[in-house]
Participant: 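What follows is a single structure, and I will ask about it in a moment.
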Amino acid sequence: MTIREARNRIQAAVDRIPDIKRQVAEELTPEIAEANREQLMKGLDADDEPLAPTYSPYTRRIKASKGLPTDKVTLFDTGAFHEGIFSEVQGDEISIDSKDPKSEGLKERYGEHIFGIGKEATENLQKLSVHRILKAVREITGF
């Protein structure tokens, strides 16, 4: 391979980086949604802060009767809200929301940060993204 051929392959990869990044982000939307669900089950918001306000004594009794955690807010009761969580790519952003009708009320009560992922999950997904981007670049360049 000549230097010119190598340069052309590299340029072809560089030109495709925005498309590759978007494709990788779209491929990772299920993992992002699952990371959000896991975050909520830990009782944490996207800033790794405990979800607040805490459950009322009445709600804690109901959750205890269902075998659900009572020591933290998880926003899990029937599972519909968690099952409705999805992630999608919108332009250069990735958004997370839930299709469940309770979503708006939960955002009002607990804040917009119920949707999002914390530092550890973000770092893990970034590593996975970089790995997939590099794999795509290697396929384009043949290096």
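FYI, the numbering just counts along the sequence from 1. Just so you know, these numbers use all the heavy atoms, side chains as well, and skip hydrogens, waters and symmetry mates. Since the model is a prediction, treat every value here as computed from it, not as a measurement.
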Participant: Say whether, by atom type as modelled, one donor and one acceptor occur between the side chain of Ser103 and the main chain of Lys99 under 3.5 angstrom.
Facilitator: no

Participant: Using only atom types and a distance under 3.5 Å, with no angle test, would you say the side chain of Asp100 pairs donor to acceptor with the backbone of Lys102?
Facilitator: yes

Participant: So if you build clusters from Ile, Leu, Val, Met, Phe, Trp, Tyr with side-chain heavy-atom gaps below 4.5 Å, do Ile133 and Ile140 land together?
Facilitator: yes

Participant: Do Arg37 side-chain atoms and Glu83 backbone N/O form a donor-acceptor pair below 3.5 Å?
Facilitator: no

Participant: Indicate yes or no: does Glu38 engage Lys42 in a salt bridge with an N to O separation below 4.0 Å.
Facilitator: no

Participant: Got a sec, which pairs hit ring-ring contact (aromatic ring centres under 6.0 Å, His included) with one end in residues 91-116, sequence neighbours left out?
Facilitator: Phe81-Phe115

Participant: Give the minimum heavy-atom separation between Met41 and Lys72, together with the two atoms involved.
Facilitator: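 Scanning both residues, the minimum pair turns out to be O-CE, 3.1 Å.
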
Participant: Backbone N or O of Thr2 within a donor-acceptor pair of the Glu5 side chain at under 3.5 Å?
Facilitator: yes

Participant: Is there a donor-acceptor pair closer than 3.5 Å between any side-chain N or O of Arg60 and the backbone N or O of Tyr55?
Facilitator: yes

Participant: Please determine whether residues Val24 and Ile96 belong to a single hydrophobic cluster, defined as Ile, Leu, Val, Met, Phe, Trp and Tyr linked transitively by side-chain heavy-atom distances below 4.5 Å.
Facilitator: yes

Participant: Which atoms form the tightest heavy-atom contact between Leu51 and Val73, and what is the distance?
Facilitator: CD1-O, 3.1 Å

Participant: I would like to know whether Ser87 and Asn36 meet side-chain hydrogen bond (donor to acceptor under 3.5 Å, both in side chains); could you show each step before the answer?
Facilitator: CA-CA 9 Å; Ser87 174; Asn36 192 183; over 6 Å; no

Participant: Passes side-chain hydrogen bond (donor to acceptor under 3.5 Å, both in side chains), Gln11 versus Asp15? Steps please.
Facilitator: CA-CA 6 Å; Gln11 188 60 53; Asp15 292 345; 2.7 Å; yes

Participant: Please list all pairs passing the ring-ring contact (aromatic ring centres under 6.0 Å, His included) test where one or both residues lie in residues 59-78, with sequence neighbours left out.
Facilitator: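 Checked against ring-ring contact (aromatic ring centres under 6.0 Å, His included) - neighbours excluded - the pairs reaching residues 59-78 are Phe76-His82.
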
